[in-house]
Structure formats: C-alpha cells, structure tokens
2 protein chains.
Amino acid sequence: MKTADPELMRAINRFHVMDAIRRFGPIARVEICDRTDLSATTVSAITGALLDDGLVITHQLGGIRDAARGRPRVLLDLNPDAAHVVGARIAPDRITIATTNFRADVRASLTLPVRVGRHSVPVAVDLIEDGIRRCVADAGLELSQISGVCVGIPGVVERGAGICRASPLFGERDIPLAAELTQRLDGVVATIDSDVNLVTLAEHWFGQARGLDDFLVVSVELGLGLGILHKGELFRGANGLGPDLGDLLARPPNGNGLVRLASIASEESLLSDARAALAGTEHEHAFRLGRGMEKVLERAKAGDPAIVALLRAAGEALGFAIANLIVLFAPPKVILAGPALAAGDALVAPLRETVAALLPPSLADVADLVVHEWTEDIWARGAAAMTLRDLYGAPWGTTGPAPHR
Amino acid sequence: MKTADPELMRAINRFHVMDAIRRFGPIARVEICDRTDLSATTVSAITGALLDDGLVITHQLGGIRDAARGRPRVLLDLNPDAAHVVGARIAPDRITIATTNFRADVRASLTLPVRVGRHSVPVAVDLIEDGIRRCVADAGLELSQISGVCVGIPGVVERGAGICRASPLFGERDIPLAAELTQRLDGVVATIDSDVNLVTLAEHWFGQARGLDDFLVVSVELGLGLGILHKGELFRGANGLGPDLGDLLARPPNGNGLVRLASIASEESLLSDARAALAGTEHEHAFRLGRGMEKVLERAKAGDPAIVALLRAAGEALGFAIANLIVLFAPPKVILAGPALAAGDALVAPLRETVAALLPPSLADVADLVVHEWTEDIWARGAAAMTLRDLYGAPWGTTGPAPHR
DNA sequence: CAGATTTATTCCGCATCATTTATTTAAGTG
DNA sequence: CACTTAAATAAATGATGCGGAATAAATCTG
C-alpha cells in the first residue's frame, strides 16, 4: 500500500515537470506552468533543482521571437549528457545493442548477427555482455557511466522479477536474466522486458502514438508480440507478466482443433509453410539462403495462389485475435509491424476485412489500424526509454528536498 | 494531468484508512497504523475527522481481552447509517433493487418480474424509477437521504459518460440512462455500469475474491458477461467502456466462419438450441413454461446426448475464451457463475478440460477456476459498493481540511 | 491499595511542500 | 525612457506527515 507523504508529492510533481520537458522541450518555465497546472514558484523550484543536478540545461532562445515583447523566455531541455543507458534487443537471428544519452538519442549501436537459439543461455549471456561492453566503449564511455541497461526478449517476461518465463529463443524456462546480467556488468542495473513492450514505449515516446494514452502494438516477427498501452501505462498481467500474442489461440483454417496463433501467423510458421508449398519449384532455393521472407513477398505479389492463401489465412487469424483485443481494450489505435506486413495487402487486406467483419457495431469505428515499419534502432530506443522512464521518476541527488542556500 | 498537493495527499491517506476500516473493521487505530504504514499521528488525525463527520463510529471493546495489559483499544467501524445508497440490476426477466446502508448491508430489496426487453426505454426507466422510489420507502428513508444510485445493465456500458452503448435489453444504442435517471430522481446522482462489473466488485469486497487484486469474473446469464479486476481496479477499455464477453469471437463447433461467443455459450443460445433438439419430445413443454433451463439441466444429468453435446460445445467455447483471457491477464483466480453452471460437470468439465489443454505451459497453473453461485442480492450489493467506493474517496464535509477546534 | 508497567491515543514542535502575493531583476520592445 | 513579459526571490499562509513527549486507561505488583 503506497501512502502519501511530502516526498511522494515532490516526486509526482517533479515527474510531471520532467515529463513536460521531455515531451515538449525545449520549453519555457511559463509553459510548464500552463501544461502542468503547477504554480510558477513550484516550477521554478523544481526546475532549479533539476538544473543544479544537471538533468536539465538551459537553451537560450536564439531564433524567432516574433511579436514577443518582455523578457525573453529561457527554454529548458533535458541534458543529453545527464546520463547514458544501454538498450538491447535479442532477436532470433541477431542481437542489437544501442547506447543512448538521456534523451534517448543513439550514441552508438551495433548488431551481432547471431542465431541466439543455437547457443546455450550462458553463451548467449556472454554475447550480450560483450556486446554491451563494446557498445559502451564505442560511445566513448565507461561502463561505470551507464545508469541502466534494459534488454528486450521475445516471449513471456516478468519484468519486476527480472525473469524470462518462456521464450522461443531458449529451451529453458524461468531464466533469471536480469540478475545474471547485473552481476556481469559490474553492478550496473540491468532489467529485462518483453521486446514488444519496448517498441510500444518507443511508439508512445517517439512514434506514431505520441501522446496517445491507449493503443495496441502487434508485431509479426519470427514470433508474435503484443504490446498494450492502457491509460498511459504499459499493461502487464497480474504478476507483471507481459502477455504473448503467440500464445493466444485460434482455430486453424481447416477448422480442426485449436492451435496457438503463432503457428498460423508468425513469420516462422509462414516461412515453413511457404517452403513446403514451394518445395520442388525454382523458388525453394531462396529459403536455404535465408531470404525466405523476401521470396514469400515476391510470390505473393506475383499472385502465387498457395502463398496468397497462406498469407490470407495468417491475416484472418491475426484479424480474429485483433478483433477480440479491440473488444477488450477499445483502443483508438492499433499499430502493426513486421517484415511480413511490408508486402502491402496480401496479409493486411484480409486482416482488415476480418477485423471489420467481426467487430460488433458498437465498436466498429473505434480503432484505427495502421502499419508502421520500424527501423532497426527503434527497439533499442525503446529499451533506453524504459530505463529512462525509471530514471526520471527516481530520486536523484539533491533533487529530493528543496535546495537550501 | 493530476498534480500533487497536500489535499491529494490527504485524500490518498484518508482513502487508505477508510479502506482498512471497511476491510478489517472493527479495527483499532494501532492496527490501522500497521496495515497502512501511516504514523499513529496521521491515523489519529484522519480517524478523528472521520468521527467528526460521522462516517465512522467507535465500538467499545466489550468482549474478550485476553492477556491484554495496557490501555484498551478503541475499535472503529464504518457508521452504517452514515449514508444510504441504492443498487439496481436490470436483467432480461426482472429488475432487482436494493437499498443499503454505508456498509452495503441490504436494508430493503424488491424484485419486479418484468421482461424489460418487451418495453420501450422510457417505460423501462419508468419502472426503474418507481422501483427505486418504492425500495427507498421500504427502507424507511426519503429519497433525499440517498447519496447515490447505481444501476447495472448487461451489455456495453460507458460508465463515465453514463451511457449504455449497447445492450441485449434494448434495441436502441447510446442511451443516456444515467442522466435520465438522475433527472427523474430529483437530482440524486445515478450512475450506470455493466452488471458484471458490479458482481466483480461484490466478489472483491464481500465474496470469494476478498483481498485478491487480480481476478476475472465470467457470468453465463442470458448474455455473457466479463468482469476484470486488475491491480485492485476494475478494468475498463479506453473510454471507460466495459468489455462484453459475448462480443468475443469463437469459431462454431462445425468450424465454419466465426460467430459471437454469445451465440454458442449464452443461456439464450443454449435454450433455443436445446428447444430445437428436444422438439417433438415430451420435454418440449417445459420450454413454453419458461422452465427451459431446468429441463436442460435435467436432460443433461439424464445423459441426453444432444443436450450433453450442446453443453460440451458451450463449455469448450467458453474454455477457449477463458484460456485466451488467462494468457492476457494471468489472473490467479477465475470465478464462473450463472444458472447454466449450476448443473455441475456437463458444461464445466469440458470448460476446464479446454482451458487446461489450451494454456501454454508457462501459464498452466496460474489460474484457479472456481464456480460461485450468486444469491439474488449480490448484484445489488455490488451496485451499492460501486457507489460507496466513490463516496469513500470523495471529499466529505469537513473531512477535507484538518479539524479545527 | 498505591505505585509501576504496559499499551493506545493524543498533543506539540518541526520540516516539507505548494500556493498566493508581492518585489526584484532581467532582457527585451517601442 | 517607459512599458512588457519572464523569471527568480522572499515572505506569509495553510495543509500535511512525522517523531517524540505527554496523557489516558487499563493491568500488574508488592
């Protein structure tokens, strides 16, 4: 039970101020007053403390001052160098790592083309550790200057406990990855989270859902991911467990039995099904070269009936799941992404049709489905954002009490 | 954006104190300190204000004082007469209304055996208004003494706006029921909510989920309802829209197309399917008398293959939906209720099997499925609780500022 | 039975915090 | 040089929570 005391009060208001600066910065103090409904005195006190602590810098207004009369505003912004964090994302075929500054600008990044699933957990952790150390060095920093690390992993992750409950990458379950990494990184605090959660936060902070307090993110990668932002907070299950869209259930197109959605609509299942469908043709070769997805998209554009049917089935299964999620969450926006969606309509059109057909009239128009392609480093920026979010709310140096002098 | 000021601080702590008294009362101040982590001083100040306002009463410890030495504790409890509220529930075949005191003890209740769906909305509202006025009079109270009214309705309800978006009871959509009722009840504030939400709150306050912060409630009535308690709060969609389990989608047993879950597993669909299956037999008569559900359960116990198959299909469809909900919410408990479940295993066994079969290993043991029969007035108590919850958190007389003397 | 002990509750003084209301300083414009 | 807006600063007010001292009301002890 969280009781209220003056310290909590300050923490809340300081968070509001930092959030305003992050979202609207560079921003003048007056405007922070307007946006937060805090008094000028309070804003001045808080920003003063933030300046003392070096979390915020002033940014003299050099440019356009049209029709402004009195004393010019002093703009405040987050100090990019106030802290640095590392974000990483473990994908089935690569590990992407980025070091960012306090504003989540990428300072250095690297990608290790590793098939993580082929290695044991200790080896994978070795690789992550080495990658992080390298990436920190590339940014011209010492590990001790890093305020936090967040690693995104596909699957079911219990962030609070730092345990990876289940992942397509690892055979084992309940791996205490966060503790393991923290130990290896000389005590730099490492956290883990579901990879979709990272991209969800990234969309919220930097992307298509900026300022939107409710939306869903569906990622069609090798596995299927689901991120939910609900009332401005990442939604997690009862124990802080991230949900796994792939574990949702669907009936296969032939109508017999029930299967995990991941076995119809994930990239992995698409590839194996497509490979089977194209076996013996000239196209099969591409799969061996690891260019399967490109080939699938190419054949879809060419109108190959087997591939089109495959993508249609996947789209319908996803549409089914998304329709149900819309019933539950009524989100104004649903963001879809993943290589399989890049091709345009082969998968997306059946998906949209299915959603439209299945939604009850009362919910017909609430959700806007958009496809958003992600660049490589959005994952890492999300991971950085996840860490920064904690940092912004954390007690920091003298920022707790008011400044004496 | 909610900024923090001393008033908010007080409101938070006052809520904690009231919640402790509600949950554990009669309770001594010292124990409130333990349970809330507030200082003795603060608890004393807050309880003092609550006593002044008459929301709380002292309850001299008369009984067992085994091995207690020092100054005896003074037990505090909610003042049952501090306020009165009315809860109502509109079911397809009846309107149940209860007047309760501040502790949600039912002081008077009545049931109108009305088929609500047969009437127009204005007529239905007439009936509700008359019922509420009657029920208030039965409790020996004036309408002006009622602090709030909450009405539970099946379907999709937007509580904040007081609008019933869609309901099986009414053909119309977007009915501004709350405003209408408030106006008719001489300004007594009326709110509406999904009926399952009421029973979910009732389970949380009084029932099987007391003290549990995450659980699901699934009601199989004429329609299907879903209530979600997540982190101690009722879960609502983006606009405060309650989700409707019946709007979730399932594939029918024959595997063709997709249908609303309500058309497989609701009491309504069960009845009509069973009636069709038993057409021409001696059993058909029962349906005409409105005793269809009893007949269905009787035939199920007798092992009638058509009926057993029907219930199995319903159980499997529900199990499918519940398994998906468990994937999303990972609740430690799922409470099922409704007449159709009363029969024991014909429906519940396939449901449990389906859930067990479909859950991924990582979630296999998280959720405990229980069947809980509800008495008639649990709905009304839930409605009362919904109003009381607002009352507890509301600024109240002099309770806002500290007491002067 | 008077005083010691124990436990619950209240009172007092202190520190923090936000707010309001000036007052002052800064840095411009006209 | 007057005027305007931004911002920092100061002082006063009021609300809050907290820790420690004081008080209250019982039981225990000799």
Side-chain angles (χ1 to χ4, degrees), chain A residues 2-14 16-17 26-34 36-52 56 58-76 395 398-405, chain B residues 2-17 26-34 36-52 56 58-62 64-76 395 398-405:
Chain A
K2 187 94 181 173
T3 62
D5 57 13
E7 223 170 289
L8 177 71
M9 222 161 105
R10 226 318 139 80
I12 291 172
N13 289 337
R14 190 177 56 234
H16 282 146
V17 170
I27 181 176
R29 291 175 177 81
V30 231
E31 208 184 328
I32 299 179
C33 298
D34 290 347
T36 59
D37 286 327
L38 290 167
S39 74
T41 309
T42 302
V43 170
S44 216
I46 291 175
T47 53
L50 294 174
L51 281 164
D52 284 349
V56 159
T58 61
H59 190 281
Q60 289 302 340
L61 183 59
I64 335 98
R65 295 198 59 243
D66 45 342
R69 294 246 285 172
R71 174 176 175 175
R73 307 178 160 197
V74 177
L75 299 185
L76 303 176
T398 62
T399 311
H404 298 283
R405 61 186 58 209
Chain B
K2 185 93 181 175
T3 63
D5 56 13
E7 224 171 290
L8 177 71
M9 225 160 100
R10 224 322 136 79
I12 292 172
N13 290 336
R14 190 176 58 231
F15 181 80
H16 282 147
V17 170
I27 183 177
R29 291 177 177 83
V30 229
E31 207 185 328
I32 299 178
C33 299
D34 292 345
T36 59
D37 285 325
L38 289 167
S39 75
T41 311
T42 304
V43 170
S44 211
I46 292 175
T47 53
L50 294 174
L51 281 165
D52 284 351
V56 158
T58 62
H59 191 283
Q60 288 302 342
L61 183 61
I64 336 94
R65 293 198 61 240
D66 45 343
R69 295 241 286 170
R71 176 175 175 173
R73 307 177 159 194
V74 177
L75 299 185
L76 303 174
T398 62
T399 310
H404 297 285
R405 60 187 62 211

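Below, chain A is the first sequence line, B the second, and so on; all start at residue 1. Worth knowing before you read on, the calculation uses all heavy atoms, side chains too, and leaves out hydrogens, waters and symmetry mates.
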Note to self: Output the rounded distance in Å from CG (B:D37) to P (D:dG19).
What the structure shows: 11 Å
Item checked: Non-neighbouring partners of A:P26 that pass side-chain contact (heavy atoms from CB on, under 4.5 Å), sequence neighbours left out -> A:H59, A:L75, A:D77
Margin query: Classify A:A40 by what it touches in the nucleic acid, base, sugar-phosphate, or nothing, heavy-atom distance under 4.0 Å.
Written below: nothing
Check: Picking from D:dA7, C:dT9, D:dG17, which would you name as closest to the side chain of B:S44?
Finding: C:dT9
Distances under 3.5 Å only, N/O to N/O: pair up the protein atoms with those of nucleotides 12-15 of chain C.
none

Check: Roughly how far, to the nearest 0.5 Å, is the CZ atom of A:R73 from the OG1 atom of A:T58?
Finding: 16.0 Å
Next item on the list: Hey, could you give me the CZ/CG distance between A:R29 and A:L38, rounded to the nearest 0.5 Å?
Entry: 14.0 Å
Checklist line | Inter-residue atom distance A:I46.CD1 - A:T41.OG1, 0.5 Å rounding | finding: 11.0 Å
Next item on the list: Please state whether the phosphate of C:dT16, meaning OP1 or OP2, lies under 4.0 angstrom from any side-chain nitrogen or oxygen of A:R10.
Entry: no
Check: In whole angstroms, how far is the C1' atom of C:dA26 from the CZ atom of A:R73?
Finding: 15 Å
Margin query: Expressed as a whole number of angstroms, how long is the span from B:H16:NE2 to D:dT16:P?
Written below: 16 Å
Note to self: D:dT16, OP1 or OP2 - any side-chain N/O from B:N13 closer than 4.0 Å?
What the structure shows: no
Next item on the list: Indicate whether OP1 or OP2 belonging to C:dA8 is found under 4.0 Å from a side-chain N or O atom of B:R29.
Entry: no
Notebook entry, point to check: Roughly how many Å is it from CD in B:E7 to C1' in D:dG17, rounded to a whole number?
Noted result: 16 Å
Checklist line | Distance, rounded to the nearest Å, where A:I12 contributes CD1 and D:dT16 contributes C1' | finding: 14 Å
Notebook entry, point to check: Between D:dC18 atom P and B:I46 atom CD1, what is the distance in whole Å?
Noted result: 9 Å
Checklist line | Rounded distance (Å) that lies between atom P of D:dC18 and atom CG of A:L8 | finding: 11 Å
Check: How many angstroms lie between atom CD1 of B:I32 and atom CD1 of B:I27, to the nearest 0.5 angstrom?
Finding: 5.0 Å
Notebook entry, point to check: Sequence neighbours excluded, which residues qualify as side-chain hydrogen bond (donor to acceptor under 3.5 Å, both in side chains) partners of A:S44?
Noted result: none
Notebook entry, point to check: In chain order, what residues pass the side-chain hydrogen bond (donor to acceptor under 3.5 Å, both in side chains) check against B:S39, with sequence neighbours excluded?
Noted result: B:T42
Collect all protein-nucleotide pairs involving nucleotides 21-23 of chain D in which both atoms are nitrogen or oxygen and the distance is under 3.5 Å.
none

Item checked: Rounded distance (nearest 0.5 Å) linking atom CD1 of B:I12 with atom NZ of A:K2 -> 10.0 Å
Next item on the list: Only counting residues at least two apart or in another chain, list the ones meeting side-chain contact (heavy atoms from CB on, under 4.5 Å) with B:D5.
Entry: B:E7, B:L8
Check: Rounded to the nearest Å, what distance is computed from the CG atom of residue A:L75 to the C1' atom of nucleotide C:dG28?
Finding: 15 Å
